[in-house]
Amino acid sequence: MTAGADLLAGLNPAQRSAVTAPLGPVLVLAGPGSGKTRVLTHRIAYLIEALGAAPEHILAVTFTNKAARAMASRLEALLPAAAGAARPNLGTFHAWSARLLRRESAYLEVSRDFVIFDEDDQSTLVRQAIKDLGYDPKQVPPAKIQAIISQAKNEMVAPEAIASGSHVQTIARQVYARYQAALRNNNALDFDDLLTQAARLLREHPDVRERTRARHRHLLVDEFQDTNSVQYELLRWLASDTADLFVVGDADQSIYRWRGADYRNVRRFSQDYPQAQVILLEQNYRSTQTVLDIAMAVIDRAPGRQPKRLFTDRGQGSRVTVYEAYDESDEARFAVDTIAELAAGNHARPGDCAVMYRTNAQSRSLEEAFLRAGLPYRLVGAQRFYGRREVKDVIAYLRLAHNPDDQVSLLRVLNTPSRGLGAKSTASVLEAAAGGGQSPGRLLLLLGSGQATLPTGLSGKAGAALLEFGRNLQRWRTLSQNGTVAGLIEAVLADVKYRAFLEDGTEEGVERWANVLELCNLAAEYTDLDLAAFLESVALVSDQDTLSDAQDVPTLLTLHAAKGLEFPVVFIVGLEEGLLSHQRSLDEKDALDEERRLFYVGITRAMDRLFLVRAFRRRIGGASLISEPSRFLADLPADCIHGDLPYGRTQAQSVYLRQTRWETPVASFPPLQAQFAVGQRVAHSTFGEGVVLETRLEQDDEIVTVSFAKVGVKRLSAAVAQLEILEDE
DNA sequence: GCATCGGATTTTTTT
DNA sequence: AATCCGATGC
């Protein structure tokens, strides 16, 4: 059998030793661009092909659906599955946990049909709990309480166990207890519960543990540095005695500390599994050496890290440009002008470029500059699709039909669109439900089927509206159990005249209706999903997952959103004290270290060209303030930088500098080596397999013409399209 | 129930 | 500055 040999071709020695490591705990420390996804997918293939593992016994966990999908498609290219054959289990921690909880729902305080509450739902409940306890939401910030609760959950701390050192903590403890009770009453779990309950089940119930371990004999974890305590505990319970636990991560890219992620889990792993093999991936396939030198100069100042020596054979590349703009609009103009010049000179395509920033608010001036220049752009993550009011409304109707106990959804839609049921009517419904010992949703269902009478004190008009709502709810519930999701949405929209409600004559109204239609299309696509599955997939997607990369336009995104991505040309803007690093991180050492890592993550997204930009003055809130350059700029090695300019240059000077900028760096850019050859067989994640017809080097990119079996001839940029070379048999 | 006004708020956000 | 939330008035 040569099964193993094929898999290993094209891997460097470090990657190969990771892929072929014997079963047991393995810790792969993967620098940026070192091919960690490649290692993960090859490891899975190796488990199956060479070690004879059953695919269904493999579980690979990621943090985003997108990462899971990417892994699935690369795995498919590597190891095409026979029809009907079992596939490895790939998914996010949360999706996996939700599945476990539904399977083992007998051990839960909620039923198998539980809904998943997102952060919006959470704040509704927390706010409600604060009010119920007689506190003023103004004096007790719900967001802060919510953060304390979430943190407690992630550390597996029960309400009673919250320290009562401060006033806020005392209140948080009460709110926490009430909040948990409210979740139970709503037959709901929040994001944190998915993980904590899964961990609890594994900890407290040996039978569940055994069953679950039997299903997943081989575990793999991506972005391990981002795991929090619960996720780590989950993995520890999940790992059987053989502990075939293969984790890949990079503590230097840990940027979610404020979300509970603890990169010290990397160290903990080595302590808990002293026999673990540790493999360092240091060769970078993404960036020029100059970019790596800058990155290392920045990260080497971070204390207490495992040193890594990143290297590449891509050559030195052009120097990094540091530009000091006058203000935020000059900064934006610089980015737009430079991208336009690069595109006009054929040095890069617009879609190769990305502009990264610390806070979403910074996207504004950039968007304005793009609009003024008449250039299209793509904005990542400002407003998530499922977070939009109209989409949430429709989903609330669906959730209510699915789970009538969901009071948060009921209260959301009871008077949306308005049907004359205000605060007073709502209160009497809640009161009547509480008096009858059931949820308000159930009461309305009974009302709709004529098995209950109107609560006392409801006048004719409100009563009629309530009756109609109950009848509708009854119908939707029947539809939810028998019909398709798309059919249910259609019925709801028609019954409540939702379109008329949205379309108020404004442009915004039209847009909102368009979003609803998009949701309908989405539902129509998933004909194989029942309502429960649809709601779950909707609850567990993020805006990151809906990011499409079809158009050839520049991308604007936060540094956080940039993790895991790469671009030939990267701008990092707003390199000022108070912004990067951010104001709120200045008084805490650990927070400041994380800002440094965030900058490092941004730098290492760049393949060829990197621009670091700061503004001399910036409008923050109301006032325009003179800014200090970011402390990180001082760490950059001078010989890697192009444009060592005094701060506070005038606008006229910047224009002059901009016009002359391109002569040197472009000329000094080293020629690229061709990666592909005519006649070679290659695989593309969406186009499938094909044969290379032609390849040529163009500026700093390789243009490959491929004839695909399924979609015909395509011209692709090797830098953008991830083509995998297939070995001939 | 809806419009309007005043006041507070403003980091990042895998699920 | 701009947006979001809540209270107030009609």
Report all interatomic pairs (protein N or O, nucleotide N or O of nucleotides 1-11 of chain B) with separations under 3.5 Å.
| unit_1 | atom_1 | unit_2 | atom_2 | d |
| --- | --- | --- | --- | --- |
| dG1(B) | OP1 | Leu421(A) | N | 3.4 |
| dG1(B) | OP1 | Gly422(A) | N | 2.4 |
| dC2(B) | OP1 | Ser418(A) | OG | 2.9 |
| dT11(B) | OP2 | Arg584(A) | NH1 | 2.8 |
| dT11(B) | O4' | His582(A) | NE2 | 3.1 |
| dT11(B) | O2 | Arg358(A) | NH1 | 3.2 |
| dT11(B) | O2 | Arg358(A) | NH2 | 2.6 |

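- Nucleotide dT12(B) holds its C1' atom 16 Å from the CG atom of Asp593(A), rounded to whole Å.
- Residue Met71(A) contributes atom CE, which lies 13 Å from atom C1' of dT14(B) at whole-angstrom precision.
- The only member of Arg200(A), Gln231(A), Lys153(A), Met156(A) that meets side chain to side chain contact (heavy atoms under 4.5 Å, CB included) when paired with Leu195(A) is Gln231(A).
- Here the C1' atom of nucleotide dC5(C) and the CG atom of Asp120(A) are 14 Å apart, to the nearest Å.
- For the pair Arg619(A) CZ and dA1(C) C1', the computed distance is 8 Å after rounding to whole Å.
- Look at CZ on Arg127(A): it is 8 Å from C1' on dC5(C), rounded to the nearest Å.
- Taking the six-membered ring for Trp and the full ring otherwise, Phe501(A) and Tyr498(A) have centroids separated by under 6.0 Å.
- Toward the 5′ end of DNA chain B lies the nearest nucleotide of Ile255(A), the other residue of the pair Ile255(A) and Asp192(A) mapping further downstream.
- Applying the side chain to side chain contact (heavy atoms under 4.5 Å, CB included) test between Phe246(A) and each of Val39(A), Ile44(A), Leu219(A), Val221(A) identifies Val39(A) as the sole match.
- Phe93(A) places its CZ atom 16 Å from the P atom of dT14(B), with the value rounded to the nearest Å.
- The two residues Arg412(A) and Lys392(A) come nearest to each other via the heavy atoms NH2-CB, 3.4 Å.
- Across the protein-nucleic acid pair, Leu557(A) atom CG and dT14(B) atom P stand 11 Å apart, rounded to whole Å.
- Contact record, Arg631(A) with Leu592(A): NH1-CD2, 3.2 Å, taken as the closest heavy-atom pair.
- Between the side chain of Glu328(A) and the backbone N or O of Arg619(A) there is at least one donor-acceptor pair closer than 3.5 Å.
- Between Asn65(A) atom CG and dT14(B) atom C1' the separation is 9 Å, expressed in whole Å.
- Heavy-atom minimum distance, Leu557(A) versus Ala562(A): CD1-CA, 3.7 Å.
- Residue-level contact check: Glu594(A) touches neither bases nor backbone, having no heavy atom under 4.0 Å from any strand.
- When the P atom is used for both dT12(B) and dC5(C), the distance is 16 Å, rounded to whole Å.
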